[in-house]
A.B. asks: 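Dropping the structure in here first, questions after.
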Amino acid sequence: MSPTQPERRGVRFDATINLGHVLTFCGFMATGFMGWSVMDKRVVVLEERSLYQARRDEQQEQSAKDLKGEIRDALKDLHNSVEKLSDKLDKRK
(Lines give C-alpha, C1' and ligand atoms only; values in the text may rest on other atoms or scores of the structure.)
Protein backbone atom coordinates (compact mmCIF):
# COMPACT_ATOMS: atom_id res chain seq x y z
CA MET A 1 0.00 0.00 0.00
CA SER A 2 1.16 3.47 -0.73
CA PRO A 3 1.39 6.01 2.06
CA THR A 4 -1.15 8.33 0.38
CA GLN A 5 -3.98 5.78 0.18
CA PRO A 6 -5.82 4.96 3.39
CA GLU A 7 -5.81 1.31 4.39
CA ARG A 8 -9.16 -0.37 3.72
CA ARG A 9 -10.41 -2.67 6.41
CA GLY A 10 -13.64 -4.59 6.73
CA VAL A 11 -15.79 -6.40 4.23
CA ARG A 12 -15.38 -5.66 0.55
CA PHE A 13 -17.89 -6.82 -2.06
CA ASP A 14 -17.05 -7.68 -5.64
CA ALA A 15 -20.03 -6.88 -7.88
CA THR A 16 -19.03 -9.30 -10.63
CA ILE A 17 -20.93 -12.48 -11.39
CA ASN A 18 -18.81 -15.44 -12.39
CA LEU A 19 -19.54 -19.03 -13.44
CA GLY A 20 -19.33 -20.27 -9.85
CA HIS A 21 -22.14 -17.94 -8.81
CA VAL A 22 -24.32 -19.05 -11.72
CA LEU A 23 -23.70 -22.77 -11.02
CA THR A 24 -24.42 -22.29 -7.32
CA PHE A 25 -27.67 -20.48 -8.08
CA CYS A 26 -28.73 -23.20 -10.55
CA GLY A 27 -27.88 -25.86 -7.95
CA PHE A 28 -30.01 -24.14 -5.33
CA MET A 29 -32.91 -23.87 -7.76
CA ALA A 30 -32.64 -27.53 -8.80
CA THR A 31 -32.39 -28.68 -5.19
CA GLY A 32 -35.40 -26.60 -4.20
CA PHE A 33 -37.47 -27.91 -7.08
CA MET A 34 -36.52 -31.53 -6.39
CA GLY A 35 -37.21 -31.11 -2.68
CA TRP A 36 -40.63 -29.64 -3.40
CA SER A 37 -41.42 -32.44 -5.86
CA VAL A 38 -40.42 -35.18 -3.42
CA MET A 39 -42.34 -33.51 -0.59
CA ASP A 40 -45.45 -33.29 -2.76
CA LYS A 41 -45.23 -37.00 -3.59
CA ARG A 42 -44.79 -37.89 0.06
CA VAL A 43 -47.84 -35.84 1.02
CA VAL A 44 -49.92 -37.59 -1.65
CA VAL A 45 -48.78 -41.00 -0.39
CA LEU A 46 -49.66 -40.05 3.19
CA GLU A 47 -53.09 -38.81 2.14
CA GLU A 48 -53.79 -42.04 0.25
CA ARG A 49 -52.63 -44.10 3.22
CA SER A 50 -54.88 -42.07 5.50
CA LEU A 51 -57.91 -42.65 3.27
CA TYR A 52 -57.15 -46.38 3.07
CA GLN A 53 -56.82 -46.56 6.86
CA ALA A 54 -60.14 -44.71 7.32
CA ARG A 55 -61.92 -47.18 5.01
CA ARG A 56 -60.31 -50.09 6.80
CA ASP A 57 -61.36 -48.69 10.20
CA GLU A 58 -64.95 -48.36 9.00
CA GLN A 59 -64.95 -51.97 7.78
CA GLN A 60 -63.53 -53.18 11.08
CA GLU A 61 -66.07 -51.19 13.06
CA GLN A 62 -68.90 -52.64 10.99
CA SER A 63 -67.50 -56.13 11.44
CA ALA A 64 -67.22 -55.59 15.20
CA LYS A 65 -70.84 -54.34 15.33
CA ASP A 66 -72.03 -57.38 13.38
CA LEU A 67 -70.13 -59.76 15.66
CA LYS A 68 -71.45 -57.97 18.73
CA GLY A 69 -75.00 -58.39 17.44
CA GLU A 70 -74.41 -62.08 16.74
CA ILE A 71 -73.01 -62.59 20.24
CA ARG A 72 -75.97 -60.75 21.75
CA ASP A 73 -78.40 -62.95 19.78
CA ALA A 74 -76.53 -66.09 20.80
CA LEU A 75 -76.65 -65.04 24.44
CA LYS A 76 -80.39 -64.36 24.18
CA ASP A 77 -80.92 -67.81 22.67
CA LEU A 78 -78.81 -69.36 25.41
CA HIS A 79 -80.75 -67.44 28.06
CA ASN A 80 -84.06 -68.59 26.58
CA SER A 81 -82.84 -72.20 26.47
CA VAL A 82 -81.74 -72.06 30.09
CA GLU A 83 -85.11 -70.61 31.10
CA LYS A 84 -86.94 -73.39 29.23
CA LEU A 85 -84.80 -76.03 30.94
CA SER A 86 -85.37 -74.36 34.28
CA ASP A 87 -89.14 -74.31 33.68
CA LYS A 88 -89.11 -78.00 32.74
CA LEU A 89 -87.15 -78.87 35.86
CA ASP A 90 -89.51 -76.80 38.00
CA LYS A 91 -92.53 -78.63 36.50
CA ARG A 92 -91.00 -82.03 37.30
CA LYS A 93 -90.65 -81.18 40.96
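What you see is a predicted model; the values in this text were computed from it and never measured. Computed over heavy atoms, backbone and side chain alike; hydrogens, waters and symmetry mates excluded.
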A.B. asks: Hey, what do you get for CG (N80) to CG (L75), rounding to the nearest 0.5 Å?
C.D. replies: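 One gets 11.0 Å once the value is rounded to the nearest 0.5 Å.
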
A.B. asks: Got a second to check how far L78's CG is from I71's CD1, nearest 0.5 Å?
C.D. replies: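 Atom-to-atom, L78:CG and I71:CD1 are 12.5 Å apart.
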
A.B. asks: Hey, could you give me the NZ/OG distance between K91 and S86, rounded to the nearest 0.5 Å?
C.D. replies: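 Going from NZ on K91 over to OG on S86, the span is 11.0 Å.
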
A.B. asks: Has I17 got more than 12 heavy atoms of other residues, nucleotides or ligands less than 6.0 Å from its CD1?
C.D. replies: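 At most 12 heavy atoms, drawn from other residues, nucleotides or ligands, come within 6.0 Å of this atom.
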
A.B. asks: Donor-acceptor check, side chain of S81 to backbone of D77, threshold 3.5 angstrom: yes or no?
C.D. replies: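 Present.
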
A.B. asks: Give, for atom CG of L51 and atom CD of Q53, the distance between the pair rounded to the nearest 0.5 Å.
C.D. replies: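 Rounded to the nearest 0.5 Å, the CG-CD separation comes to 11.0 Å.
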
A.B. asks: Report the distance from atom OG of S37 to atom CZ of R42, rounding to the nearest 0.5 Å.
C.D. replies: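 These two atoms lie 12.5 Å from each other.
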
A.B. asks: Less than 4.5 Å apart, side chain to side chain, heavy atoms only: is that true for M34 and T31?
C.D. replies: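 Side chain of M34 against side chain of T31, heavy atoms only: no contact under 4.5 Å found.
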
A.B. asks: Nearest 0.5 angstrom please: E61 CD to Q59 CD, how far?
C.D. replies: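 E61 CD to Q59 CD: 11.0 Å, rounded to 0.5 Å.
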
